[in-house]
Student: 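I'd like to ask some things about the structure below.
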Amino acid sequence: MTTTVLVTGGAGYIGSVVVDQLLARGHAVVVLDDLSTGHREAIAAGATFVHGGIGDRGVIAALFERHRVSAIVHLAAFALVEESVANPEKYRLNNVADARVLLDAAVAAGVQRFVFSSSCTVYGIPKVVPIPEDAPMAPMSPYGETKLEFERVLRDYATRHQLSSVSLRYFNAAGATDQRGEDHDPESHLIPNVLAVALGKRPAVNVFGTDYPTPDGTAVRDYIHVEDLADAHARALEVEPNGAVALNLGTGHGSSVRQVVDLARRVTGHPIPSTDQPRRPGDPPALVAAAQRAEAVLGWRARRSSLEEILASAWRWHRAHPRGYRS
Ligand SMILES: NC(=O)c1ccc[n+]([C@@H]2O[C@H](COP(=O)([O-])OP(=O)(O)OC[C@H]3O[C@@H](n4cnc5c(N)ncnc54)[C@H](O)[C@@H]3O)[C@@H](O)[C@H]2O)c1
């Protein structure tokens with residue numbers, strides 16, 4: 001059955017790919033985005049765009065009045081860990097308080113499905129790796145706290161308002177499609193920063209922490225292709241979750257910073273100089289998903305997330321868009 005899906009944050013990196021896949025599967029899509037970190041150019045022509053904030057009651061009331069929304073994929077949020085430490089209130093307001101405005105309007109409008117962009121940051125420094133969904137949650141930043149807090153809100157709404165929800169805990173989103181890629185300012189993610197060196201936009205890439213208890217001493221992360229992430233969202237709209245469910249989205253395999261830089265050298269043919277730096281406070285040594293629950297619930301597993309495919313696709317996009325969406 002095709003439905004009208006509201007995608008908040010559909011002008012962002014991950015949201016724009018989610019929009020493309022939902023349209024390709026025959027859904028009607030409305031994008032709500034205030035363009036605070038997203039790009040108008042990233043929104044597919046086939047989607048209806050509403051320019052506004054998730055906390056703007058007037059905009060949201062008009063949106064639900066105009067469109068028969070049956071499901072929401074909620075990606076809109078601020079997502080910079082360091083900024084959240086400097087300005088936690090900005091994060092609580094956008095990621096929790098304003099998100100509740102959207103949620104209340106959704107419940108009032110009879111929306112029955114809600115898919116939420118959560119994050120592996122909810123786990124903090126894990127005791128067990130790969131990390132299962134029932135691992136203790138102890139976020140290390142206000143950003144991670146906002147994700148945990150909104151998951152709690154969704155659990156509460158499942159009981160009080162019978163709202164079914166799936167919280168997708170992404171590990172490290174990476175890669176690109178031919179049309180959509182990562183264009184953040186500032187950019188905090190490793191792969192676009194490595195590729196910026198290959199494009200001559202930066203002299204060297206910083207390697208934060210070389211003395212972790214990992215095989216080569218650098219931090220290990222579970223990189224997941226943005227197309228695999230988008231596929232999981234489309235599947236999450238198709239299942240009938242019982243209450244509020246949380247699922248890891250990762251591959252179950254980690255790559256170290258050095259492995260990423262080495263492979264990027266091969267993919268780009270550029271020497272990509274790197275500079276060793278001290279650890280950053282709060283960065284765990286290894287974050288790798290136990291990914292079985294997403295496979296059991298959604299029939300999903302990562303298919304395009306080899307590090308080679310991630311780097312090659314990101315490189316194609318960055319080379320074609322050296323100034324991001326301004327290219
Ligand atoms: N990129 C990752 O590796 C990663 C990992 C875990 C979780 N996440 C989560 O996934 C989601 C998307 O991340 P992304 O990397 O695509 O970020 P992004 O910054 O590219 O996209 C976020 C989008 O939300 C919009 N937005 C922000 N606040 C808004 C508001 N109040 N009203 C309307 N629109 C608003 C922005 O303009 C932007 O288009 C976020 O919720 C983020 O926390 C991302």
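All residue numbers refer to positions in the sequence shown, counting from 1. Every value quoted in this text rests on a predicted model; they were computed, and no experiment measured them. Numbering of ligands and ligand atoms starts at 1, following listing order.
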Student: If you count the atoms of ligand 1 from 1 in the order shown, which ones are under 4.0 Å from a heavy atom of L35?
Tutor: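 Listed by number with element: 37 (O).
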Student: Just which atoms of ligand 1 are under 4.0 Å from any heavy atom in G52?
Tutor: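 What qualifies from ligand 1 is 32 (N), 33 (C).
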Student: For ligand 1, which atoms, with element, lie under 4.0 Å from some heavy atom of A76?
Tutor: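 Listed by number with element, the hits are 24 (O), 26 (N), 29 (C), 34 (N), 35 (C).
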Student: Taking 4.0 angstrom as the limit and counting only heavy atoms of A173, give me the atoms of ligand 1 inside it, by number and element.
Tutor: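 Counting atoms of ligand 1 from 1, those under 4.0 Å from A173 are 1 (N), 2 (C), 3 (O).
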Student: Report, as yes or no, whether the 6.0 Å neighbourhood of atom CD on E41 holds more than 12 heavy atoms from other residues, nucleotides or ligands.
Tutor: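 More than 12 heavy atoms, drawn from other residues, nucleotides or ligands, come within 6.0 Å of this atom.
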Student: Measuring from the heavy atoms of D98, does anything fall under 4.0 Å of ligand 1?
Tutor: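 Judged by the 4.0 Å heavy-atom criterion, D98 does not count as contacting ligand 1.
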Student: Which heavy-atom pair separates I54 from I60 by the least distance, and what is that distance?
Tutor: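 Closest heavy-atom pair between I54 and I60: O-CD1, 2.7 Å.
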Student: Which atoms of ligand 1 are found less than 4.0 Å from any heavy atom of Y13?
Tutor: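 In order of numbering, the contacting atoms are 15 (O), 16 (O), 20 (O).
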Student: Quick one: which ligand 1 atoms are inside 4.0 Å of a heavy atom on S118?
Tutor: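 Near S118, meaning under 4.0 Å from one of its heavy atoms, ligand 1 has 6 (C), 7 (C).
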Student: Within ligand 1, which atoms have a heavy atom of Y143 less than 4.0 Å away?
Tutor: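 Every atom of ligand 1 under 4.0 Å from some heavy atom of Y143: 7 (C), 8 (N), 9 (C), 42 (C), 43 (O).
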Student: Check this for me: does any side-chain nitrogen of one of R235 and E238 sit under 4.0 Å from a carboxylate oxygen of the other?
Tutor: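 Between E238 and R235 there is no salt bridge, as every charged N stays at least 4.0 Å from the carboxylate O atoms.
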Student: Against heavy atoms of S36, which atoms of ligand 1 measure under 4.0 Å?
Tutor: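 That gives atoms 26 (N), 27 (C), 28 (N), 36 (C), 37 (O) of ligand 1.
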